[in-house]
Amino acid sequence: MPRWLIPLGAAAFLLACIAIFASIGAPHDPWTGLSTVIYLLLRAGAPALAYLAAAAGLGRVFLPLFRASREAPALQAGLGLALMLWLSHLLGVLGLFAGSLAIPAAGGAVAVGLAMLGHQLLRSRSAEQRAPIAMTSPVWLLGIPALALLLVAACQPPGWLWDSEAGGYDALSYHLQLPQEWLAQGRLWPNTHNVFSFLPSYVEAAFMHLGGLSGGAARATPRGLLAGEGLGVISCQLLSAGIALIAVGLIARLAAAACRRAGRDSTLAAASAGLLMLCTPWTIVVGSLAYNDLAVVALIAAALLAALDDSLPPTSRGVLSGLLIGAACGCKPTALLFGAPPVGLALLATTPARRWAGPILAGSIAGVAMLAPWLIRNWAAAGNPVFPEATGLFGSAHWSADQLRRYADAVTFHGSWSDRIRLGFVADSSDPMGPRHRGLLHPQWLAFFGAALAAAIAALLPQRTRRTGAILSAGLLLQLAAWLAFTHIQSRFLLPLAAPACALLGLAIAGPEQSGNAPRRRTIIAPPTAVAMVICLVQTVGSILDFWGQRSGHPNDMLVAGPGLRTGEPFRPELAPLPPEQRPPPPPGAPARPAPRP
C-alpha cells in the first residue's frame, strides 16, 4: 500500500466521524453538520491555530537550555506555550490589545512566533525535527473518533453542552466574561466585582489576545469576542481544544522518555499513553470549553519531561521546570499544589544530593519570574500580590471581613478526612442536584484511574522499570494527597494527575529493549498494548455516549445556528434571535440564576 494512502484515509475517516457526531440528534443532515464544523474550523480556528503555532516558534528562545535533549521539539512546544501565555498577559496588562493598537500588538506577537517557527522548519533536515511532537505510530488512528468529537463539541455555542459543568457555567461567568470585559475597558486589570479577575488568568489573557487578533477590541467592533458572528468565543474554545492536543502530545513524549530511562521500546507505549488522555471523557468535556485546566496539564507534562531528562545539566533542568510550573500557576494557581511536588520530586530523584541547591534555587527564581507580571499587577491594584489569598499577611484590599469569610467558605471543604476520602470513591448523596460522584469514580473518568493503578503496579514490579515507575507513582500520590487536603473535592480538579498516570501506562506496556543482533518476532500486537487499546476504546465509547446524552439526546440543536443566534448577529441571515419564551432550556443542574453573558 502506498504510504500516502494512510494520511488520506485518516483524513477521510476524520471527516466521516465529524459528519456523524455533528448530526447526532440534530434537525440537520450529516453534510450540513460537517460543512458547519469545517466553516467554524476555518473561520474561528485560524486565529487559534496561528496562536499555538506562534507559541511553538517562540519556544526557540529557550533552545540553549535544552538543545542537547532528545526531547527538544516537545520541550520547545511546552516552553513556547508558557512564553506565549506570559506574553499575552503582559501585553494585556500594558493595554496593547485596546483600540487601534489591538491588531498590530496581537498580530505582531503572533507574526514573530510564526517567523521563528518558519525559519526553524526551513533549516530542519529531518522529519523528526520538523514536527514539534512526532506522532508516527499507527496506533494514533484509534484516536480519530475522539479527535472528531472534541472538534465538534468545541464548535458548539458556549453555554450549550456538558451537564457536569452546568452548561459551561464557569466559562460564561469568568473564563469568557473576563476577557470580554478587559477588551471593553481596554486593559487586562482586576475588576472589583469579579474576584476571579485577581487570579493570574494567563489562559484568559490568551482569549483576550484572540479578541485582539480578530479586531474585537477595535472601536469599530466594540462587541469584543461577540463581534460579527460571535466567532471569537468559538475561537477561544478551539484554542482550548488545541491546548488539549498539545497536552496529549506532551504526555506521549513524557511516556516515551520514561520508557527510555528504563531501556524500553517506546513507540507503541507513548502512543497508548497519549491516546488514554485524548479518549477520556473529561478531556473532551474540558477541552471543548473555554477552560484553563488542560493548559495546566500540558505544562506539568512538559515540566516532568524536563525534570526527568538527566542528559541535561541539573541547573538547566531546574530553570526549565521552574519556568513551566510558574506558567502553570499563571494558568491556575492550584498548579503549585499539583505540579510542583511531582516535578520537584522527579528533579531531585534524578540529581545527586550534593547538587540539589543549584536546580532548586534556579527553578524557584524562574518560577517567580514567570509569575512576576501577575504579582506586580495585583500589588498595584490591591496592595496584595496574591489576592484573594494571604489577606492576613498582605491585606484584604477592598473586601470586608464578611466577604473574606464567604470566599473562604466557598473554596473550602468543611468535612473530615474520612469524608474527603469517602467522596473520592462514593457518590455524594447531599448534592442538591442529586447523588453524583465527585472523585476518582466520576463517570467521565471511566476506566482511567483503574488503568493507572494497574499500570503503577505493573511498572513497579520489574527491576528495569521500578525506579522510573516509583518516581511517577510517588508524584501521583503527592498530587492525590494535595487534592484531598487542599481542594473542595471536585472530580475535574483531578485532571493534573493525568500526566504521571498516562506516563505510567506507557511505562507498563512498553516492550523489552531489542538488541541489534537479536531476532525480532513478527507479532500483530503485544498483549499489554492490546489491553491499552481496549481501555482507550472504552474511554472513546464513554465520551461518545456522554456527548450523545447532552440536551436530552439533542446535543447539536444549536450547532448550525451558532453563537450568533443568541448575540443577535447570526452568520445565517434567515436565523433571527429567538424571543425569550422560545429559547432552549438550560441544561439539567444549571444554577437558578442566569449565567452572565460573555
ring-ring contact (aromatic ring centres under 6.0 Å, His included) assessment of Y291 paired with H175: CA-CA 6 Å; Y291 275 12; H175 293 301; 5.2 Å; yes
Begin from the C-alpha positions of L268 and I509 and carry the test side-chain contact (heavy atoms from CB on, under 4.5 Å) through to its verdict. CA-CA 8 Å; L268 290 175; I509 69 173; 5.9 Å; no
Determine, step by step, whether L371 and W86 satisfy the side-chain contact (heavy atoms from CB on, under 4.5 Å) criterion, reporting the C-alpha distance in whole Å, the side-chain angles of both residues, the deciding distance to 0.1 Å, and the verdict. CA-CA 8 Å; L371 285 171; W86 182 90; over 6 Å; no
Apply side-chain contact (heavy atoms from CB on, under 4.5 Å) to L494 and F449, showing your working. CA-CA 10 Å; L494 289 165; F449 285 109; 4.1 Å; yes
Apply side-chain contact (heavy atoms from CB on, under 4.5 Å) to residues I243 and L52 and explain how you reach the verdict. CA-CA 8 Å; I243 292 173; L52 293 176; 4.0 Å; yes
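Looking only at distances, a side-chain donor or acceptor of R438 sits under 3.5 Å from a matching main-chain atom of I489. T283 places a side-chain N or O within 3.5 Å of a backbone atom of M277 that can act as its donor or acceptor partner. With hydrogens and angles disregarded, no donor-acceptor distance shorter than 3.5 Å links the side chain of W548 to the backbone of F21. A donor-acceptor pair under 3.5 Å is formed between the side chain of S473 and the backbone N or O of G469. Here the side chain of Q479 pairs no donor or acceptor atom with the backbone of P342 at under 3.5 angstrom. Of the possible donor and acceptor atoms, none in the side chain of R253 sits under 3.5 Å from a partner among the backbone N and O of A74. Not a single donor-acceptor pair under 3.5 Å links the side chain of Q539 to the backbone N or O of C279. The closest donor-acceptor contact from the side chain of S240 to the backbone of L289 lies under 3.5 Å. Judged purely by atom type and a 3.5 angstrom limit, Q444 has no side-chain atom pairing as donor or acceptor with the backbone of P281. Without hydrogens or angle criteria, N292 side chain to S201 main chain gives no donor-acceptor distance under 3.5 Å.
We find the CG-CH2 distance between L199 and W374 to be 7.0 Å, quoted to the nearest 0.5 Å. Here the CG-OG distance, from L305 to S321, works out to 9.5 Å after rounding to the nearest 0.5 Å. Considering CG of L254 and CG of L308, their distance stands at 6.5 Å, rounded to 0.5 Å. Interatomic distance, CG of L337 versus NZ of K332, reported as 11.5 Å (0.5 Å rounding). Taking CD1 from I284 and CH2 from W282, the interatomic distance works out to 12.5 Å, rounded to the nearest 0.5 Å. To the nearest 0.5 Å, the span separating CG on L299 from CG on L79 amounts to 9.0 Å.
Looking at every heavy atom in both residues, A327 comes nearest to M370 through N-CG, 3.3 Å. When every heavy atom of V297 is checked against every heavy atom of A247, the shortest pair comes out as CG1-CB, 4.3 Å. In this structure, G59 and F66 approach most closely via the heavy-atom pair O-CZ, 3.9 Å. Heavy atoms only, all atoms of each residue included: A508 and A455 are closest at CB-O, 3.6 Å. A pairwise comparison of heavy atoms in P385 and N378 identifies O-CB, 3.4 Å as the closest pair. For the residue pair L304 and A499, the shortest heavy atom distance occurs at CD1-CB, 4.2 Å.
With 3.5 Å as the limit, one finds a donor-acceptor pair spanning the side chains of S416 and D419. For the residue pair D310 and T350, no side-chain donor N or O sits within less than 3.5 Å of a side-chain acceptor on the partner. At a cut-off of 3.5 Å, with distance as the only test, a side-chain donor of W162 or S288 sits close to an acceptor on the other residue. Side-chain N/O atoms of T315 and R355 include no donor and acceptor closer than 3.5 Å. Inspection of the Y51 and S88 side chains reveals an N or O donor paired with an N or O acceptor under 3.5 Å. A side-chain donor from one of Q76 and Q120 sits under 3.5 Å from a side-chain acceptor of the other.
The shortest side-chain heavy-atom distance between R436 and H442 does not fall under the 4.5 Å cut-off. With contacts defined as side-chain heavy-atom distances shorter than 4.5 Å, the pair T334/T487 does not qualify. Between Y407 and V195 there is a side-chain heavy-atom pair separated by less than 4.5 Å. Between L441 and V426 the shortest side-chain heavy-atom distance does not fall below 4.5 Å. By the 4.5 Å heavy-atom criterion applied to side chains, L423 and F413 are counted as neighbours. Two residues are said to be in side-chain contact when any heavy atoms from C-beta on lie closer than 4.5 Å; R317 and T351 meet this criterion. Taking 4.5 Å as the limit, every side-chain heavy atom of C329 sits out of range of all side-chain heavy atoms of P200. Counting heavy atoms from C-beta on, the side chains of L375 and V386 come closer than 4.5 Å.
Aromatic ring centres of W445 and H437: separated by at least 6.0 Å.
Residue-environment remark: CZ (F486) stays at or below the threshold of 12 foreign heavy atoms within 6.0 Å.
Ionic pairing of D293 and R492 is present here: one or more N-O contacts between side-chain nitrogen and carboxylate oxygen are shorter than 4.0 angstrom.
A perpendicular orientation is assigned to the rings of H488 and F493, their planes being inclined by more than 60° (bins at 30° and 60°).
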